[in-house]
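Single-structure report; data block below.
Here is how names work: the chains are called A, B, and so on, in the same order as the sequence lines, proteins then strands, and each is numbered from 1.
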There are 2 protein chains.
Amino acid sequence: MNYEQLLRERDLKVTPQRLGILTLMHQSGHISIEDLYVKISRQFSSISLATLYKNVHAMIETALVKEVKIPNMKSKYEIIKAPHAHLFCTQCGSFEDVTVPMEEIEAMLPHGIQFKPTESSLVYSGICEACQNK
Amino acid sequence: MNYEQLLRERDLKVTPQRLGILTLMHQSGHISIEDLYVKISRQFSSISLATLYKNVHAMIETALVKEVKIPNMKSKYEIIKAPHAHLFCTQCGSFEDVTVPMEEIEAMLPHGIQFKPTESSLVYSGICEACQNK
DNA sequence: AAGTTAAGAAACAATTTTTATCTTTTACCT
DNA sequence: AGGTAAAAGATAAAAATTGTTTCTTAACTT
Ligand SMILES: [Mn+2]
Ligand SMILES: [Mn+2]
Ligand SMILES: [Zn+2]
Ligand SMILES: [Zn+2]
């Protein structure tokens with residue numbers, strides 16, 4: 001994936017810190033601010049938490065990154081891709097994507113309701129396969 | 001609704017502050033901590049924010065109250081009731097319940113996926129009826 | 001390639017949000 | 001009514017987030 005281009009398209013300067021943030025986000029799939037800070041600090045020992053927050057926010061505002069809110073958990077951040085839902089294992093804490101047709105989810109609103117959804121957030125909490133086999 | 005009983009069933013002492021919190025939550029349907037603090041302070045001018053947090057947490061841990069996380073918004077809290085989804089208007093900020101069969105939502109996980117959902121969180125973001133007619 | 005400039009990084013301070021600790025008060029059980 | 005443990009109030013502390021100022025660098029202009 002070409003992060004330089006993604007940043008340039010959004011008029012965000014390409015800095016090593018930003019490339020590092022995006023690389024880490026991509027590698028872990030979903031990552032919390034604190035985990036991101038621990039990992040990015042290994043590459044840029046002098047990076048400040050403020051820089052991290054500012055960058056993540058800039059990326060959210062330009063629709064490059066998305067905050068995923070999870071019941072009873074700290075938020076995680078991911079690089080935006082096709083709409084999808086998430087599986088959160090309440091036993092081991094694993095968190096991953098799952099492909100669910102979000103248009104169908106949106107079609108399940110009761111008839112007669114006038115609300116026009118533009119986006120929806122769906123997190124399934126439960127027990128993952130690995131935890132079931134224990 | 002009998003809040004005294006709901007508290008007693010959970011071995012939480014019935015205090016005027018707790019009854020006030022539950023009443024406000026019920027009246028507004030969903031409320032943020034800060035709004036709750038503003039309103040509860042009118043009844044109990046000396047109540048501390050720490051008391052509010054402690055109580056809300058105690059109620060969450062005993063499954064009387066639930067935190068609802070909303071994309072790009074502060075969390076709101078509601079008294080637990082039958083599973084349902086939420087509509088969030090990105091224009092006016094209105095936030096309300098919508099009845100969606102959550103079992104069907106859970107049945108939409110791809111076949112072959114072993115994950116066993118116990119609960120799911122679904123928030124539709126979009127434009128409410130009132131905002132469409134403007 | 002060197003110079004210019006405006007965005008971004010770092011350092012640090014300040015806010016805001018949440019939790020912990022301690023003392024006083026109160027709900028609730030004999 | 002009296003005893004006791006839980007909860008409220010009052011701070012203080014910790015954690016999370018944002019703001020400010022200065023220094024550095026990416027990217028544009030010659
Ligand atoms: Mn995802
Ligand atoms: Mn609700
Ligand atoms: Zn698991
Ligand atoms: Zn609206």
Whether A:His86 and A:Phe95 hold their rings parallel, tilted or perpendicular, with breakpoints at 30° and 60°: parallel
Chi angles and distances behind the salt bridge (charged side-chain N to carboxylate O under 4.0 Å, His left out) call for A:Lys76, A:Asp35: CA-CA 9 Å; A:Lys76 292 182 185 289; A:Asp35 286 357; 5.1 Å; no
Length of the CD1-C1' vector between B:Ile40 and D:dA8, whole Å: 12 Å
Nearest heavy atoms of B:Leu7 and B:Met59, plus distance in Å: CD2-CE, 4.3 Å
Nearest heavy atoms of A:Ser120 and A:Met102, plus distance in Å: O-CE, 3.5 Å
Between C1' of C:dC28 and CZ of B:Arg10, the distance in whole Å: 19 Å
Short side-chain donor-acceptor distance under 3.5 Å, B:Ser125 and A:Glu119: no
Integer-rounded Å distance: D:dA16 C1' and A:Lys69 NZ: 13 Å
Exercise: identify the closest heavy-atom pair between B:Thr62 and B:Arg10: O-NE, 2.8 Å
B:Asn55 side chain near D:dA8 phosphate (N/O to OP1/OP2, under 4.0 Å): yes
Rounded (10°) bend between the five-pair end axes of the helix from C:dA1-D:dT30 to C:dT30-D:dA1: 40°
Ring geometry between A:Tyr3 and A:His26 (parallel below 30°, tilted from 30 to 60°, perpendicular above 60°): perpendicular
Gap between atoms CZ and C1', on B:Arg8 and D:dA7 respectively (whole Å): 15 Å
Nearest heavy-atom neighbours spanning B:Ile40 and B:Gln17: CD1-O, 4.0 Å
Atom pair distance, as rounded to whole Å: CG in B:Leu12 and C1' in C:dC29: 17 Å
Atom pair distance, as rounded to whole Å: CD1 in B:Ile47 and C1' in C:dT24: 16 Å
For atom CZ of B:Phe44 and atom P of D:dA7, their distance in whole Å: 16 Å
Interatomic distance, A:Leu7 CG vs C:dA7 C1' [rounded to whole Å]: 13 Å
Interatomic spacing from CG in A:Leu122 to OH in B:Tyr124 - rounded to 0.5 Å: 8.5 Å
Heavy-atom closest pair, residues B:Val14 and B:Glu4: CG2-O, 3.8 Å
Touch class at under 4.0 angstrom, heavy-atom based, for A:Ser46 against every strand present: sugar-phosphate
Nucleic acid contacts - residues 13-27 of chain B versus DNA chain D, non-hydrogen atoms under 4.0 Å: B:Lys13, B:Thr15, B:Gln17, B:Arg18
N/O-N/O pairs, protein side and nucleotides 16-21 of chain C side, under 3.5 Å:
from	atom 1	to	atom 2	distance (Å)
C:dT17	OP1	B:Lys74	NZ	3.0
C:dT18	OP2	B:Tyr53	OH	2.1
C:dT18	O5'	B:Tyr53	OH	3.2
C:dT19	OP2	B:His57	ND1	3.4

